[in-house]
Amino acid sequence: MIASIGEKAFKEAVLSSPVPVFVNFWAPWCGPCKMVEPLVLQLQDTAEKPVKVFRVNADENFWLAKNFKLTNIPTVLLFYKGKVVHRLEHVKGREEVLQTLGAALESIDLQEDSAQASQSLQSLPA
C-alpha cells in the first residue's frame, strides 16, 4: 500500500526529497485510480534507482490539486529536486502506465547529479 500524504507533509516528503518521487493523485470514487496504484508500486519495486511513492487524495487536498493544475484523476506526477519532471494523465491502460512512467524515471540521471554535487563540494574552500 502506498503511504498517503496531505498538504502539511508534502513539502518535506516530496519537494525536499533527494530521490525521485511518484505522487499518485486519486479519489475514493475513482475506478481507474484503483488500477494505477498497484502499477506505481510495481515501478517502485522494479526500479534500478531509489524512488519514493506517495498518494494524495485530491478531494481532501484541494490546494495541492489546484496548485498542480489537476484536470482529471488519476494523475501521476514524477517529482525530482522539487519540480515536476513528468505528468501522466488520461490513463488508457496498464502498459501505458508502466512504459510511460518507467521511461520518465529512467531519464533521470542520478549519477550525473551525484558527480555535480561532488564537484561542488570539492570546489568549496577548506
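Starting from 1, each residue takes its place in the sequence as its number.
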Donor-acceptor contact present, side-chain Glu96 to main-chain Val91, <3.5 Å
no
Do the side chains of Ile2 and Phe22 get nearer than 4.5 Å, heavy atoms only?
no
Can you tell me how far the CG atom of Leu70 sits from the CG atom of Asn72, to the nearest 0.5 Å?
8.0 Å
Within a strict 4.5 Å, meaning less than it, do heavy atoms of the Leu41 and Gln44 side chains meet?
yes
Tell me whether Lys11 at atom NZ has more than 12 heavy atoms from other residues, nucleotides or ligands lying less than 6.0 Å away.
no
So which atom in Glu106 and which in Glu48 form the shortest heavy-atom distance, rounded to 0.1 Å?
OE2-N, 4.3 Å
Could you walk me through whether Ile5 and Val56 pass side-chain contact (heavy atoms from CB on, under 4.5 Å), step by step?
CA-CA 6 Å; Ile5 60 169; Val56 173; 3.9 Å; yes
Is there a donor-acceptor pair closer than 3.5 Å between any side-chain N or O of Asn61 and the backbone N or O of Gly6?
no
Say whether, by atom type as modelled, one donor and one acceptor occur between the side chain of Lys49 and the main chain of Ile108 under 3.5 angstrom.
yes
Indicate the ring-plane relationship of Phe68 and Phe79, choosing parallel, tilted or perpendicular according to the 30° and 60° boundaries.
perpendicular
Indicate yes or no: at least one non-hydrogen side-chain atom of Trp29 is less than 4.5 angstrom from one of Ile73.
yes
Value rounded to 0.5 Å, distance of CZ in Phe25 from CD in Glu89:
10.5 Å
Test of understanding: clusters of I, L, V, M, F, W, Y form through side-chain heavy atoms closer than 4.5 Å, transitively. Do Leu88 and Val23 belong to the same one?
no
Ignoring hydrogens and angles, tell me if any N or O in the side chain of Ser107 forms a donor-acceptor pair with the backbone of Ala104 under 3.5 Å.
yes
Can you check side-chain contact (heavy atoms from CB on, under 4.5 Å) on Phe54 and Asn24, steps first, answer last?
CA-CA 6 Å; Phe54 295 105; Asn24 179 25; over 6 Å; no
Between Cys30 and Pro74, what is the shortest heavy-atom contact and its length?
SG-CD, 3.8 Å
Is it the case that the side chain of Lys83 and the backbone of Leu15 share a donor-acceptor pair, with hydrogens and angles ignored and the cut-off at 3.5 Å?
no
Hydrophobic cluster membership, Leu77 vs Val21, 4.5 Å side-chain cutoff
yes
Would Val19 end up clustered with Val14 when hydrophobic side chains under 4.5 Å apart are linked, directly or stepwise?
no
Asn57 to Pro28 - nearest heavy-atom pair and separation
ND2-CD, 3.5 Å
Which heavy-atom pair separates Val97 from Leu43 by the least distance, and what is that distance?
O-CD1, 4.3 Å
I'd like to know if Val40 and Val85 are part of one continuous hydrophobic network [Ile/Leu/Val/Met/Phe/Trp/Tyr, side-chain heavy atoms within less than 4.5 Å].
yes
Thr46 side, atom OG1; Leu105 side, atom CG - distance, nearest 0.5 Å:
9.0 Å
Given Leu78 and Leu101, is the side-chain contact (heavy atoms from CB on, under 4.5 Å) satisfied, shown in steps?
CA-CA 8 Å; Leu78 177 58; Leu101 294 180; 5.6 Å; no
Show the nearest heavy-atom pair for residues Val51 and Ala47, with the distance to one decimal.
CG1-CB, 4.0 Å
